[in-house]
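A quick write-up on the structure given underneath.
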Amino acid sequence: MNFIDMLRDATAQNNSLLCVGLDPEPTRLPAGMLGDTHKIYDFCAAIVDATADLVCAFKPQIAYFAAHRAEDQLERLMQHMRCNAPHVPVILDAKRGDIGSTAEQYAKEAFERYGADAVTLSPFMGFDSIEPYLAYHGKGAFLLCRTSNPGGDDLQSQRLASVEGQPLMYEHVARLAQGPWNRNGQLGLVVGATYPQEIERVRSIAPTLPLLIPGVGAQGGDAVATVRAGLRSDGPIIVNSSRAILYASNGADFAAAARAEAMRTRSVLEAARG
């Protein structure tokens, strides 16, 4: 089953547009785990088990593992998700962006070492930096398009005078992803929830691409506005929340609190969809 099929099935089975981002910060782990980098797997696996029936995807952020020499724990976590939540696709949030043989190695890392169903990528270096990932048929690749950080304006909102119509850069990325770059139907776009008008603009340019939308929760994105701007019957969305769910409690009840917050967020998203 390819990534898009997995996403649609998980969305339907769990009645959910919610993605839980797995960004484990040892200094924020609950009592009994606090500050212990060897407990990253235990923490994330507990969150996965508590929310697997509430989400359409999981999104581990590789930097939170690599910074603490915990890549082996990420491998264990990926295996845990495949065994315990096989119906939920996993998006490796890596934001890689390199060319040629280096991109081939990053693709191998994402899809062979970690077994991800999709990966996030930076399109700044052009199509030849994306192409090696598309060699893995059935896997997904989400291109950074209109990100939720304030500094995204520095490049993404600049006009391209050399392109017909002088689109903003993020608009041009959306056109490329919807059109000539999407040779096998594997591409999606990352669009931040903090900019619902831009979500709507990206959706108008790329009506059928899946949109990965971070920024709901701790970053303050409007969940209702996000769903209304981005969701279409033939254009799925994946709305990510990380910190608000992961750190809903710093006590022994952290997994139960994460589940409660995930249920609350899912309900808000579902109400907007309905």
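FYI, the numbering just counts along the sequence from 1. All of these numbers come straight from a predicted model, not from anything done at the bench.
- For the pair K39 and D42, the salt-bridge criterion is met [side-chain N within less than 4.0 Å of a carboxylate O].
- Of all the heavy atoms in A107 and P132, the pair that sits closest is CB-O, 4.0 Å.
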For the pair I199 and V202, evaluate side chain to side chain contact (heavy atoms under 4.5 Å, CB included) and give the outcome as yes or no after the intermediate values. CA-CA 5 Å; I199 296 174; V202 169; 5.8 Å; no

Let me check something: any side-chain donor-acceptor pairs from residues 231-239 under 3.5 Å, sequence neighbours excluded? List them with distances.
unit_1, atom_1, unit_2, atom_2, d
R232, NH1, A229, O, 3.4
R232, NH2, A229, O, 3.4

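- The shortest non-hydrogen separation linking V119 to A94 is CG2-CB, 4.1 Å.
- Following chains of ILVMFWY side-chain contacts shorter than 4.5 Å, one can reach W181 starting from L121, so the two form part of one hydrophobic cluster.
- For the residue pair A257 and A248, the shortest heavy atom distance occurs at O-CB, 3.6 Å.
- Nearest heavy-atom pair, R259 versus A50, reported as atom, atom and distance to 0.1 Å: NH1-O, 2.8 Å.
- The pair D98-R96 fails the salt-bridge criterion, with no side-chain N (NZ, NE, NH1 or NH2) lying under 4.0 Å from an Asp/Glu carboxylate O.
- Two residues are said to be in side-chain contact when any heavy atoms from C-beta on lie closer than 4.5 Å; P60 and M78 meet this criterion.
- Hydrophobic clustering places I245 together with L77 (ILVMFWY residues linked when any side-chain heavy atoms are closer than 4.5 Å, directly or through intermediates).
- Note on Y170: it clusters hydrophobically with I130, by side-chain heavy-atom contacts below 4.5 Å among ILVMFWY residues.
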Start with the C-alpha distance between I40 and Y64, add both sets of side-chain angles, then the distance that settles side chain to side chain contact (heavy atoms under 4.5 Å, CB included), and finish with yes or no. CA-CA 9 Å; I40 287 175; Y64 282 86; over 6 Å; no

All N/O donor-acceptor pairs, side-chain side in residues 183-191, below 3.5 Å, sequence neighbours left out:
unit_1, atom_1, unit_2, atom_2, d
R183, NH1, E131, OE2, 3.4
N184, ND2, Q186, OE1, 3.2
Q186, NE2, Y136, O, 3.0
Q186, NE2, K139, O, 3.0

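- Judged by distance alone, with hydrogens and angles left aside, the side-chain atoms of N240 form a donor-acceptor pair with the main-chain N or O of G21 at under 3.5 Å.
- When the shell of 6.0 Å around CD of Q197 is examined, it contains 12 or fewer heavy atoms from other residues, nucleotides or ligands.
- The distance from the OG atom of S241 to the CD1 atom of I213 is 13.0 Å, given to the nearest 0.5 Å.
- Remark: F65 CZ to T37 OG1 distance equals 12.0 Å, nearest 0.5 Å.
- At a threshold of 4.5 Å between side-chain heavy atoms, the hydrophobic network of Ile, Leu, Val, Met, Phe, Trp and Tyr places M81 and I47 in one connected group.
- Ring pair F254/F43: centre-to-centre distance below 6.0 Å.
- A salt bridge links R146 and D153; the closest N-O separation between the charged side-chain nitrogens and carboxylate oxygens is under 4.0 Å.
- With respect to D117, the side chain to side chain contact (heavy atoms under 4.5 Å, CB included) criterion is satisfied by exactly one of N2, V90, I4: V90.
- Counting only heavy atoms from C-beta outward, the side chains of T51 and F58 approach each other to under 4.5 Å.
- For R264 and E261, the salt-bridge test passes: some basic side-chain N is under 4.0 Å from an acidic carboxylate O.
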Candidate pair V88 and M6, rule side chain to side chain contact (heavy atoms under 4.5 Å, CB included), full reasoning: CA-CA 7 Å; V88 179; M6 287 187 70; over 6 Å; no

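- You'll find the side chain of L168 reaches within 4.5 Å of the side chain of E171, heavy atoms only.
- When hydrophobic clusters are built by joining Ile, Leu, Val, Met, Phe, Trp and Tyr residues whose side-chain heavy atoms come closer than 4.5 Å, directly or via intermediates, L144 is not grouped with L155.
- Looking at L74 and R113, their side chains never come closer than 4.5 Å, going by heavy atoms from C-beta outward.
- Counting heavy atoms from C-beta on, the side chains of Q61 and K95 come closer than 4.5 Å.
- The six-membered or imidazole ring of F142 lies near that of F3, with a centre-to-centre distance under 6.0 Å.
- The backbone N or O of L246 lies less than 3.5 Å from no partner atom in the side chain of R243, so there is not a single donor-acceptor pair.
- Q178 places no side-chain N or O within 3.5 Å of a backbone atom of R175 that could act as its donor or acceptor partner.
- Under a 3.5 Å cut-off, the side chain of N84 and the backbone N or O of H80 do form a donor-acceptor pair.
- The shortest distance between side-chain heavy atoms of L92 and T120 does not fall below 4.5 Å.
- Side-chain contact of Q79 with R76: a donor-acceptor pair under 3.5 Å is absent, judged by distance alone.
- Judged by distance alone, the side chain of T194 and the main-chain N or O of S148 form a donor-acceptor pair under 3.5 Å.
- Residues E25 and H68 have side chains in contact (heavy-atom distance under 4.5 Å, counting atoms from C-beta outward).
- Residue Y114 comes nearest to E75 through the heavy atom pair CE2-CG, 3.5 Å, listed as atom of the first residue, atom of the second, then distance.
- The backbone N or O of A256 lies less than 3.5 Å from no partner atom in the side chain of D253, so there is not a single donor-acceptor pair.
- Checking side-chain atoms of T265 against main-chain N and O of A262 turns up no donor-acceptor pair under 3.5 Å.
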Would you mind writing out the side-chain donor-acceptor pairs for residues 11-20 within the sub-3.5 Å range, not counting sequence neighbours?
unit_1, atom_1, unit_2, atom_2, d
T11, OG1, L7, O, 2.8
N14, ND2, A52, O, 3.0
N14, ND2, V55, O, 2.7
N14, ND2, H87, NE2, 3.4
N15, OD1, R273, NH2, 3.3
S16, OG, L18, N, 3.0
S16, OG, L54, O, 2.6

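- Closest approach of P30 to G251, counting heavy atoms only: CB-O, 3.5 Å.
- Relative ring orientation between Y133 and F111 is described as perpendicular, the plane-to-plane angle rising above 60° on a 0-90° scale split at 30° and 60°.
- Enclosure of atom CZ in F127 by more than 12 non-hydrogen atoms of other residues, nucleotides or ligands within 6.0 angstrom is indicated.
- Within the 4.5 Å cutoff, the side chain of E109 has heavy atoms near those of the I62 side chain.
- A donor-acceptor pair under 3.5 Å is formed between the side chain of R203 and the backbone N or O of P207.
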